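For clarity, every value in this text was computed on a predicted model and none was experimentally measured. Chain naming here is simple, since letters A, B, ... match the order of the sequence lines and numbering starts at 1 in each.
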Amino acid sequence: MRSARALTLLAGFLVLGLVPVVAALANQPFYLDLFRRIMIFAIAAVSLDLILGFGGMVSFGHAAYLGIGAYAVAIPAFYGIHSGLVQWPLALALSGLAALAIGAVSLRTSGVSFIMITLAFAQMLYYLGISINAWGADDGMRLARRSQFGGVVDLANAYVFYYVVFGVLVALLWLGHRLIHARFGVVIRAAKSNEPRMRAIGFATFRYKLAAFVIAGAGGGLAGALLTNQTEYLTPSYMHWTRSGDIMVMVILGGMGTLYGPVLGAVAFLLLEDILSAWTVHWQVVLGPLLVLVVLYARRGLYGLLPGAGARDG
Amino acid sequence: MAEPLLAVRGLTKRFGGLVATDRVDLEVADGETLAVIGPNGAGKTTLIGQLSGDLVPDAGTIRFAGEDVTALPAPTRSQRGLARSFQITSIFPEFTALDNVALAVQAHAGHSFRFWTPARAERALREPARATLEQVGLGARAAVAAGTLAHGEQRQLEIAMALATRPRLLLLDEPVAGMGADESQRMVQLLRALRGHHTIVLVEHDMDVVFALADRISVMVYGRVIASGAPEAIRANAEVRRAYLGEEIPA
Amino acid sequence: MNWLLVVEQCLNGLQFGVMLFLMAAGLTLVFGIMNLVNLAHGSLYMVGAYLATAAFNRTGSFLAAVAFALAATLAIGMLVEVIALRTLYERDHLDQVLATFGLILFFNEAVAIVWGRAALFTAVPRALSGHLQVLPGIPYPAYRAVIILVGLAVALLLYVVVSRTRLGMLIRAGASNRTMVGALGVNIRLLYTVVFGFGAALAALGGAMAGPIYSVLPGMGEEILIQVFVVIVIGGIGSIRGALVGAVVVGMVDTLGRAFLKPMLSTVLGPSAADNAGPALASMLIYILMAAVLFFRPQGLFPAVRS
Amino acid sequence: MAHLHPPTRAHADPGQRQLRRLDGVLESRRLPAASIRTTQWPGMRRTKEVTVRQLRIVLVLLLIVGLFAGQAVLAAEPVKIGFITSLSGPAGIIGKHMKDSVELALEHLGRKVGGLDVEVIYGDDQRKPDVGKQLADEMLKKHKVNFVSGIIWSNVMLAVAPTVTGAGTIMVGTNAGPHELAGKMCSELYFTTSWQNDQTPEAMGKYMQDQGLTDVYAMAPNYAAGKDMVSGFKRYFKGRVVDEVYTKLGQQDYQAEISQLRGKNPKAVFVFYPGDMGIQFLKQYAQAGLREQIPLYSVYTVDEISLPAVGEAALGNYETRYWSPDLKNEANAKYVGDFKKKFGYTPSFYGAQSYDGILLIDSAVRAVRGDLGNKKGMVAAMRKADFRSTRGKFSFNVNHTPIQNFYLLRAVKGAGGDMEMQIQKTVFENHKDAYYQECPMKW
Amino acid sequence: MTLRLEGIEAAYGLSQVLFGISLEVPSGRLVTLLGRNGMGKTTTVRAVMGIVPIQAGRVHFDGRALHGLPPYRVARAGLGVVPEGRQVFPNLTVRENLVATAANRRRAAEPWSVARVFGLFPHLAARARSLGGTLSGGEQQMLSIGRALMTNPALLILDEATEGLAPLVRAEIWGCLERLKQSGLSILLIDKHVEAVTRLADHHYVLEKGRVVWDGTSVELRARPDVQHRYLGV
């Protein structure tokens, strides 16, 4: 059973890895852009799932980190600093810091309060973003060029960029895999399962949850840095609450508390959007009920429909 | 006389108008087993909650091993050597029995900001956990998901998790609740084996269990300790019999 | 500061607050009693607005249009509850979020298919198009005054229903102990369906009242939905009283912030800095308020009693 | 294929070629080509099941297909235009106006552009810049379009235009006019048939200045365009501005701001409230009884999209604009008349400039005689603005932004009792935008 | 009006709790369910009421099948429940607690009224306007009984109705049960106070680990100290 699932997953990654080759052979480089964007959202979704699925922390403000990561690339670029070696670490650090501050306040609450307080912070950042004229306000800013890596890695090359994103996604999944099985991940998952018990056996859970929150925020920031490079554009609308909702939908659709579910969710959600919207302008009238059906009949998300997914992931 | 391991003074906790514990005083000497008995709603679980740090008392102090721990949160008290089991089974149902206990070991084996090595590969966690499982008689069930263990086994797992934190004081909240006679017997044997090695505060309904294990008994009614003493003295105490053991004395 | 203006802005805040209350009352009941996070509540508001506007334009009677919208949305709400939401009560909040998010997409597009994407037009009913002199020097639009009155009347009605009637007792009892209500012979599923429909009708009332002053558009429910969530979280989930207080507080804070924050800031920071900071801060105000309330009182101002 | 029966084989290869060609045609018209491919062709391969009757059906079909394909062969590669706008969600109404106008333009052109067959691929940007960029990539790389057109929002345009021009493809904007693209970021390959954002408020500023108005109260949403509009207005209006108020983006209720406004007692009000914000503001302004007291001057607020929803609440309001349905010229009369006939509603400026966009592309393709590879030739042709624009005669500035007239419009009750915009006077003749000198392009 | 359970099995999730419970409460009788904590007494009540799904077995009342019905239908068939832990509605007043779910679906000739409940429990009358959550344990217990009576049941089920109560209060409740029994109401009673209930009850069932291990009359139970000690810890 497990091997059937492993094969499916491997096949999935092979497909993702071969997209550029197929696109080149078929002379359809567009699919490079489409799947790159999908993978960027998959990175955001996987990072959200670390706290949402594994840690039980329902953050409704994940888009805030996406936005911060995007600003961390676009603002230096605006002042002429194009080095990815500055921008990307900055994106990780700033979004992580923001997550530290937001988490330190939010994690004192739980349940619906937690959902709403994370939303509140994201909305504050959104309104801040659209008010800062120097950095484009609502119009946003054009990224003059993609992040530079001293000529070693050239993101202007669509294939190189694709494999960079692919590499980041695979690395994130690998890191995630290590992390959820390491001491830290065990603490996070157990705290979701039974937090009073965790405290009773001696874990000060707050600091671990906060650390997970920061890691997830940094992951979101990285996705934001990639997204501005993808779009070559920064806009505060990356931080709008509907964007947080989209990412959350990808996670739930794909399967919470699994590593690969969010990837699946991002692929399904964005591909459906692309395909249905080419078919009819009323595509949302189809997508909406589809989501309802997934909730009603695929209880563990799309991941649960994979062969051999009966066994728990993690 | 040396300072008792646990000393509680004037512990008071209110929920709205209800006084759940009312100026409770308790002392537990090192190595002693104290049973707290009383009818439902007498405030026993509230007492345990305050001792373990899950509830903040409205008044009173708790001294443990010579230090005032009244203001310390639960995890810190656990680190100081206070372990509790829960009245309603509280485990990690998705994890295996061994994982459950290993987690308790992990809590007391340095910090857990380790992101790389699989916890299951850490022998320093697994081996003590396995030994503790053996100790409570669950060795053969190590790989079973805790949620699918039988009720009695889950209660044993509770004890194992408490033991795995290497506590100086065990707070046991109704360890035989919901057990059949045979399971109760096994649990009593397990707890009897812990006597002397561990200091125990035991909250229990089952008089057989209480009289089998306790060195001393405190009786709580309506949030107050109405009597404390050796088992025989308690058994003979008329007030206790009337208030708790349910014998009606003609008015 | 001109105190007449302050009074007028307080009226505006109150009016905005009661609009929020109409939405919040239903949402908080559904959330507090059935434990359902219903993102599609805004869609019911939109459906109500569409139905009322379409009916008003056809019949010319605003009262009849509102009555029709209430009845129809009540039916639609109950239908949605039975078809899609009923099985979600026992589920994770996140499943509910995903499913009701799907419903939002569906409803927004469905009204676009039926009525087109252009905003529907409706004017304020002629009888209410004038102004009232609330106080000397404060002319106030009659329609908005009516909104305040209707909102307060609904609040009073809800208070009576919830606190004085058997239905209200069952609603409160169900909020604290659903199982027990069922075990005493009450068809709790039916009760839930009715309460959900009731909440939908209240949202529709809000939408119908909003039609003449806002724009009736696909997607009109989402902007207000987030504000309504802010209201019920501040007020305490499941509490009608909390919803009322939360709505008025949010309405007041938002309105007074928009009106007076910039002038106040400009005395401190100077006019140009205030021009930049004022509007940004005013937009964030209710979120700041919510974060602060949740931080100090995670259960909200008037949490519903639970066992 | 070796085991196919001879009669089948005899027709198979040419048939296959024809089918392939047909696929191209069908796909380009977005017909379900795939269904023909899968239902007929595989059936022929499964020789054992092929009965005489089936063969006959196939032969007939092939004949029909051949007829179509033959036509396709006559025509050269079609012109492909990618048209990006917002089609779903609240802004979908604007997209609908634009799309309908594109369709009308194609109809007027006999569904040919520059004499070539044309295929328009519509994309829904959902008002999100990253989705817009995604669509642009899809159109450039997947559909290999010759032109990208459309775009409502400045931020989407700023993400899309450089992508398109960077790929060497011509971009014809038909609404958004961010100043960056008129100034420093101008490009040989970027044209707009609308305006630069500031031009319209400049016209309003000029008009109000000319009227000698003073004590003006300015309002706009708190975002970049809102602030640009007010600064554009102030470029020509030199009188006293009582206050500038920026409201929350997407706000629904303006009662508080209207109360503040009344408190300041201005002589005139200038606002910029596009889309549903405008509908709400105008209704509430009228309901507050201010419409009769303080005249309202607006830009991008009262238009043919909002007017039906605002109704008499807009009566007497002023707007400035480069175009109006009642603008007197032959091309406009045809556009407005046919549009109303075909779609049953009054077109808006969003539509007019989209219609113009297609005509502009037509003029370019015509000038190079269908040689779509000749970008230089097409750009040179487009610079002449040699087509019958709905706005009458106009020319392109060096930055490819129109130099055009701006008019003062007023919302009045038309002959049929419906609200409509009527041109009052010309405010600017051949007005240039404020940024063209920043554009380094020379021609 | 006889309640009959045949081979009831029930489980919480994966762990089975009841392994085939059969018992009978004849019309107008008072029957007890005895056993230590966690033996399945409460689960039996919950299974009868339809709160816990029954996996096997049948429940009949007055000839009607109740198994598989939702709780409200079971209640409407004439079963009134006084649950473990009283479970009064804390946010409703005493009067509201009584009125909220009141019904007379079986058209009892002399239906219960608030006044009649207050007659049975004079303590409650004084607290009619107090919130349920503010009552003392004994008052809550009386309220819970009153609430069940207001549904005019033919059979009353009481789960640990005297637990944690002062002796005088317990005596009051037992006295009241006796009066109810005399009025013709059938009663299924779970109680730990063996001595007291043997005086009240007609028949006893002893549960051990989800099975009935002994049943008999009060006289028989008194004669079996071994049963009392082994299964009941007396």
Decide yes or no for [X] and [Y]: does some side-chain heavy atom of the first lie under 4.5 Å from some side-chain heavy atom of the second?
{"X": "E/Phe89", "Y": "C/Leu184", "value": "yes"}
{"X": "C/Met180", "Y": "E/Val88", "value": "no"}
{"X": "E/Arg76", "Y": "C/Asn187", "value": "yes"}

Quick one: CG on E/Leu92 to CZ on C/Arg172, what's the gap to the nearest 0.5 Å?
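One finds 4.5 Å between CG of E/Leu92 and CZ of C/Arg172.
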
Indicate the atoms forming the closest heavy-atom contact of [X] with [Y], along with that distance.
{"X": "C/Arg166", "Y": "E/Ala100", "value": "NE-O, 2.9 Å"}
{"X": "E/Ala75", "Y": "C/Ala183", "value": "CB-O, 3.3 Å"}
{"X": "E/Gln87", "Y": "C/Asn177", "value": "OE1-ND2, 2.9 Å"}

Atom group of C/Thr165 that falls short of 4.5 Å from chain E, counting heavy atoms:
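For C/Thr165, neither part sits under 4.5 Å from chain E.
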
Is the number of heavy atoms from other residues, nucleotides or ligands within 6.0 Å of [atom1] ([X]) greater than 12?
{"X": "E/Arg29", "atom1": "CZ", "answer": "no"}
{"X": "E/Arg106", "atom1": "CZ", "answer": "yes"}
{"X": "C/Arg91", "atom1": "CZ", "answer": "yes"}
{"X": "C/Arg86", "atom1": "CZ", "answer": "yes"}
{"X": "E/His123", "atom1": "NE2", "answer": "no"}
{"X": "C/Tyr159", "atom1": "OH", "answer": "no"}

Can you tell me which portion of E/Val74 sits under 4.5 Å from chain C's heavy atoms? Options are side chain, backbone, both or neither.
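For E/Val74, neither part sits under 4.5 Å from chain C.
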
Which atoms of E/Arg46 come close to chain C, meaning under 4.5 Å heavy atom to heavy atom: side chain ones, backbone ones, both, or neither?
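Neither part.
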
Return the option, out of E/Arg105, E/Met150, E/Glu96, E/Arg73, with the maximum number of heavy-atom pairs under 4.5 Å with chain C.
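Ranked by contacts with chain C, first place is E/Glu96.
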
Residue list, side-chain contact (heavy atoms from CB on, under 4.5 Å) with E/Pro53, at least two apart or on another chain
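E/Pro53: no side-chain contact (heavy atoms from CB on, under 4.5 Å) contacts found.
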
